[in-house]
Each structure stands twice: as C-alpha cells, then as structure tokens.
Amino acid sequence: MSVLSELQGEMAFRIAGRPSSARLSDVPVAVAADETAVHVLVAALHYRCRLGTTSEVGDHWLVTLPVLTSTSHDDVEPMVFRSRSGGAPRG
C-alpha cells in the first residue's frame, strides 16, 4: 500500500477517475523482487500488508490489511485533503 505524497495530487485524481483496469497504467511503480508488493514511486509512505479479514457491508466490502512492514520517506509530506471552506466537510 502506498500513501501518496503532497506532490501527487494530480495523479490521485487521474487514478480515481479511471476504470479500475487502467488505474496504474502510467503511474511509476516499483515491484518487489518476490512480486508480492507494488509501491507507487515518490509516495510518502509504503506499507507491506497481508490480507486480513473481509466482510460485506451493505454495497461495499470491509477489508482489513494487517501491516507487516512500513517505510517512510521523510523528504516528502503525505497528501492531505482539506475542505475549501476551512471547516469540517459536511455530509
């Protein structure tokens, strides 16, 4: 799992707007030597996880991913979305 950096906002919107089959088509990634992980390059954090529990919740799935290892990259800040009004998002 990769936590995108503050430098990757445009990439985040491109990934979110594509069909799932094309989400990573032009995203720079590194594949682990044992092919058990794919990490987005220039991300602020990388987690190596394993599949935990899965359960159906309404029309979504709740999936837990216990973290096995983590790596932070202190030269970049994680991406944070803020409300344009400065207050808490309304729902």
Side-chain angles (χ1 to χ4, degrees):
M1 179 185 310
S2 299
V3 175
L4 298 181
S5 76
E6 64 184 356
L7 306 172
Q8 296 174 310
E10 183 180 319
M11 180 189 301
F13 285 106
R14 283 196 330 261
I15 291 170
R18 293 186 175 172
S20 60
S21 62
R23 288 196 175 144
L24 298 177
S25 63
D26 64 350
V27 174
V29 297
V31 179
D34 62 4
E35 298 184 354
T36 60
V38 176
H39 289 138
V40 175
L41 297 179
V42 192
L45 302 160
H46 291 130
Y47 296 105
R48 185 175 279 233
C49 305
R50 69 172 175 80
L51 182 60
T53 61
T54 60
S55 53
E56 207 168 347
V57 181
D59 62 348
H60 290 75
W61 284 89
L62 176 64
V63 179
T64 63
L65 299 169
V67 175
L68 302 173
T69 62
S70 64
T71 306
S72 65
H73 303 279
D74 295 333
D75 55 331
V76 292
E77 293 292 320
M79 182 184 307
V80 176
F81 285 99
R82 293 178 178 86
S83 169
R84 290 179 191 226
S85 66
R90 297 174 195 235

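- Every side-chain contact (heavy atoms from CB on, under 4.5 Å) that V76 has, sequence neighbours left out, goes to S5, L7, A44, H73.
- The nearest pair of heavy atoms linking V3 to A43 is O-CB, 3.3 Å.
- Residues meeting the side-chain contact (heavy atoms from CB on, under 4.5 Å) test with V27, sequence neighbours left out: M11, I15, L24, V29, V40.
- In terms of the side-chain contact (heavy atoms from CB on, under 4.5 Å) criterion, residue partners of A12 (sequence neighbours excluded) are, by chain and number, L4, M79.
- Pairs of residues two or more places apart, or lying in two chains, never qualify as salt bridge (Lys or Arg N to Asp or Glu O under 4.0 Å) while including a residue from residues 65-81.
- Considering only residues two or more places apart in sequence or on other chains, E35 meets the salt bridge (charged side-chain N to carboxylate O under 4.0 Å, His left out) condition with none of them.
- For the salt bridge (charged side-chain N to carboxylate O under 4.0 Å, His left out) test, residues two or more places apart in sequence or in another chain that qualify with R48 are D34.
- Nearest heavy-atom pair, R23 versus A16, reported as atom, atom and distance to 0.1 Å: NH2-O, 4.2 Å.
- Sorted by first and then second residue, the ring pair (Phe, Tyr, Trp, His ring centres under 6.0 Å) pairs with a member in residues 23-42 read H39-H46; sequence neighbours excluded.
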Output a table of donor-acceptor pairs, distance under 3.5 Å, between side-chain atoms of residues 50-71 and any protein atom two or more places apart or on a different chain; print 'none' if there are none.
unit_1, atom_1, unit_2, atom_2, d
T53, OG1, T64, OG1, 3.0
T64, OG1, T53, N, 2.7

